[in-house]
Amino acid sequence: IDSQGYIHAVFGPHHGEFKHRRTLRPYDVSEWTQATTFGERCTYPSLVIDQDDTMHLVCREIITRDGSNLMTMMYYRRPVGGEWSKGRMLVEPSTFDIERGYRCFRASLYLDDDGGMHLGFTLYPADAFGDAMTKGMVGYMRSDDGGTTWRRFDGATVETPTTGGFDRINAVGTEHRVSNLVTDQTGLPAIISVSMYHEPDRWGEVVFWKHDGREFVAIDLLEPLQEVFDGYRASWIEPSLSFGNDGRFYAAVVMVDAA
């Protein structure tokens with residue numbers, strides 16, 4: 001929703017052009033504008049609107065390189081009253097092979113109260129991103145100038161497109177999926193990871209990662225969840241995370257019977 005109360009929606013097929021529509025009246029979803037299109041082979045959008053009503057979107061998009069398809073993370077921007085930009089690649093895999101070309105980011109954007117734009121994402125599969133299995137399979141970077149430049153939390157510049165110049169969150173040892181990323185009232189980011197089914201002894205772990213100003217610190221959520229859901233583990237369906245005006249984080253995690 002923008003500053004005037006108009007609601008915006010970006011949607012489309014799995015690997016196709018995105019469509020963008022806006023309500024004809026503020027706070028009223030009964031009628032919408034005709035769709036405008038952008039992108040080519042896109043999916044998994046994450047959209048935010050900043051204080052100037054500029055729209056920012058990240059997604060996965062397939063491009064063709066040397067005759068082969070490559071799944072990348074793309075960034076699009078639309079200034080108020082303007083057109084959608086051409087896609088700008090932010091992250092690409094460090095390896096690619098035509099037999100196992102699937103890549104996934106599940107990227108999410110978040111704007112803090114000062115206009116800083118935070119980006120969290122997973123690196124899947126790990127072997128497509130070099131040392132992800134040992135260095136961290138969850139990535140983070142941020143922009144303080146509306147998506148023009150990107151940096152690590154410590155201020156180091158991330159030259160895009162990059163294969164690994166971003167911050168790593170120390171989710172290691174098995175494949176992970178992640179929640180949306182949010183920040184607290186001070187602009188410190190947080191995200192949840194859940195371990196997938198690849199390792200039978202480790203599936204269903206769920207960890208809350210909160211930046212303390214120096215690094216992302218792990219807080220185990222599985223044990224307290226199992227106090228309520230005895231014998232259950234976390235599904236690899238992505239959790240959902242929010243931060244309330246009361247200063248609390250709120251999380252939704254799908255739990256499944258581990259038997």
Minimum-distance pair of heavy atoms, taken over all atoms of T122 and R177: OG1-CA, 4.4 Å

Hphob cluster co-occupancy, Y110 + Y75, side-chain heavy atoms under 4.5 angstrom: no

Verdict with supporting geometry, R65 and E92, salt bridge (charged side-chain N to carboxylate O under 4.0 Å, His left out): CA-CA 12 Å; R65 179 182 294 170; E92 62 178 338; 2.9 Å; yes

Criterion salt bridge (charged side-chain N to carboxylate O under 4.0 Å, His left out) on E61 and R41, from CA distance to verdict: CA-CA 5 Å; E61 184 165 8; R41 291 187 287 173; over 6 Å; no

Side chains of D112 and T183, donor plus acceptor under 3.5 Å: no

F153/H211 aromatic ring centres below 6.0 Å: yes

Distance-only side-chain donor-acceptor flag, R25 / S30, under 3.5 Å: yes

Aromatic ring proximity F216/W209, centre distance under 6.0 Å: no

Path from Y76 to M89 over hydrophobic side-chain contacts below 4.5 Å: yes

Within 45° cone of W150 ring axis and under 6.0 Å: R142 NZ or CZ: no

Residue pair R151 / S143, side-chain donor-acceptor N/O under 3.5 Å: no

Y44 six-ring centre to R60 NZ/CZ under 6.0 Å and within 45° of normal: no

Side chain H176, main chain T174, donor-acceptor under 3.5 Å: yes

L57 reachable from I49 in the ILVMFWY side-chain graph, under 4.5 Å edges: yes

Between N180 and R106, a side-chain donor and acceptor under 3.5 Å: no

Aromatic centroids of Y140 and F166 separated by under 6.0 Å: no

Side-chain donor-acceptor contact under 3.5 Å, D184 with T186: yes

ILVMFWY network linking V228 to V207, side-chain heavy atoms under 4.5 angstrom: yes

